[in-house]
Amino acid sequence: MTTLKKGFLSVVIPFLNEAEVLPIFYKKLSDSLKDISGESEMIFVDDGSSDGSARWVADKAREDKNIKLIKLSRNFGHQIAITAGMDYAHGDAVVIIDADLQDPPEVIPLLVEKWNEGFEVVYAVREQRAGETWLKKAFAALFYQIFRRLVDFEVPINAGDFRLLDRKAVEALKNVRERHRFMRGLTSWVGFSHCAVSYKREPRKAGTTKYPVWKSFILAWDAITSFSSSPLMWVTGLGIIIACLGVLEAISIVINKLRNPEGMVSGWVTVMVSVLILGGIQLISLGIIGQYIGRIFDEAKKRPLYFVSETIGFDKPDPV
Ligand code: UDP
Ligand code: MG
């Protein structure tokens, strides 16, 4: 039995169309919370589900007063659903966990024990990733390699969003309102004392992933561009290399012309290849610059991150 060192624990569960798995998840989560002596709340965040999962949570909330529900007005994405849950959580420690049982609720008491020891952010690090495609695993490995090199703070490898945050870290994160948010990067960026607990990541218990590889790619790109302007440096570097090659080519053409003034007629292959390669590189560079401008545009509008259509079970006023 783990005892909460102080106050109470909020567990934030973002979900999108998880009707099949929610009943089993709820059962396992309640059992794990029973292993922790102290008060707790479960904050389910419905990220625009259309399969009746929100109705299931709302019905359950009538039986179990620890259940709270935030219904977002549409699908805003996993990272924003986590943010909404953290905005509404009042616990002294907040745990973020997926609803598909890939993050085992049995690990929560271990996270709490580390928090009791005084750590302010406790990551759950995946020792093994069962049930994920090799493409997703390879992509994740490559992403963490690149991301860790780009940022000047420590980012744990193989830690997802499953983690415990002390109230201090939650308050710090609540001040970060950027739109393209990569929560696990932000929780590292805010600092505080960190430690890791390892666990075996199970395959999803039911339903299908809401993160196909293309969505993971967008998340990775958001992560890189929201923490680093290095891609702009990369294209500048590429531009310099190509410009140097161009100068060398120009010198060789002049030398050839001087040596053999009559013999230089053909050469369209070289021209075509140079034009195509240069055109491609210019488009890629423009695209990367455009991505940063698009992000400036998104942030400049200062729109709220999400809208809530309904809340159930909260007695304290909504966060501003
Ligand atoms: N999720 C969400 N909004 C989304 C996509 C996913 O709230 O737009 C939830 C989903 O229901 C799950 C968690 O985020 O509880 C992680 O998603 P998923 O398991 O599909 O991702 P994976 O584990 O496959 O990367
Ligand atoms: Mg999952």
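Residues take their numbers from the sequence shown, with the count starting at 1. First listed ligand is number 1; within each ligand, the first listed atom is number 1. What you see is a predicted model, and the numbers here were worked out from it, not measured in a lab.
- Of the protein's non-hydrogen atoms, Asp98 OD2, 3.3 Å is the one closest to atom 16 (C) of ligand 1.
- Closest to atom 14 (O) of ligand 1 among all protein heavy atoms lies His78 CD2, 3.1 Å.
- In this structure, Phe44 and Phe25 have perpendicular ring planes: the angle between them is above 60°, well past the 30° mark.
- Using a 4.0 Å cut-off between charged side-chain N and carboxylate O, Arg167 and Asp92 make no salt bridge.
- Residue, atom and distance of the protein heavy atom nearest to atom 19 (O) of ligand 1 are Asp100 OD2, 2.6 Å.
- Under 4.0 Å is where a charged nitrogen must lie from a carboxylate oxygen, and between Glu171 and Lys168 no such pair does.
- Ligand 1 lies within reach of Arg201, whose nearest heavy atom is under 4.0 Å from it.
- Ring centroids of Phe182 and Phe143 are separated by less than 6.0 Å, placing the two rings close together.
- Here is the list of ligand 1 atoms found below 4.0 Å of a heavy atom in Phe15: 7 (O), 11 (O).
- With salt bridges taken as basic N to acidic carboxylate O contacts below 4.0 Å, none links Asp98 and Lys210.
- In this structure, atom 2 (C) of ligand 1 lies nearest to the protein heavy atom Asp47 OD2, 3.5 Å.
- Looking only at side-chain heavy atoms (C-beta outward), Val254 and Lys257 stay at 4.5 Å or farther from each other.
- Taking every heavy atom of Lys136 and a limit of under 4.0 angstrom, the matching atoms of ligand 1 come to 22 (P), 24 (O), 25 (O).
- Only the side chain of Asn75 comes within 4.0 Å of ligand 1, counting heavy atoms alone; its backbone N, CA, C and O stay farther away.
- Of the protein's heavy atoms, Arg204 NH2, 3.5 Å lies nearest to atom 18 (P) of ligand 1.
- At a heavy-atom distance under 4.0 Å, atoms from both the backbone and the side chain of Thr209 approach ligand 1.
- The shortest contact between atom 6 (C) of ligand 1 and any protein heavy atom is with Lys210 CB, 3.5 Å.
- Using a 4.0 Å cut-off between charged nitrogen and carboxylate oxygen, Lys34 and Asp31 count as a salt-bridge pair.
- Salt bridge annotation for Arg148-Glu154: present, with a cationic side-chain nitrogen under 4.0 angstrom from a carboxylate oxygen.
- Taking 2.8 Å as the threshold, Gln102 counts as a candidate ligand of the Mg ion (ligand 2), since one of its N, O or S atoms lies below it.
- The nearest protein atom to atom 21 (O) of ligand 1, hydrogens excluded, is given as Tyr211 CD1, 3.2 Å; this is a heavy-atom distance.
- Glu299 and Arg295 are not joined by a salt bridge, as no carboxylate oxygen comes within less than 4.0 angstrom of a charged side-chain nitrogen.
- Ligand 1 places these atoms under 4.0 Å from at least one heavy atom of Ala99: 15 (O).
- Closest protein heavy atom to atom 9 (C) of ligand 1: Pro14 O, 3.8 Å.
- Only the side chain of Glu18 comes within 4.0 Å of ligand 1, counting heavy atoms alone; its backbone N, CA, C and O stay farther away.
- Ring centroids of Tyr199 and Phe162 are separated by less than 6.0 Å, placing the two rings close together.
- With hydrogens and angles left out, the side-chain atoms of Ser53 and Glu18 include no donor and acceptor closer than 3.5 Å.
- The Mg ion (ligand 2) lies closest to atom OD2 when only the N/O/S atoms of Asp100 are considered.
- Of the polar atoms of Ala81, none of the N or O atoms is found under 3.5 Å from an N or O of ligand 1, judged by distance alone.
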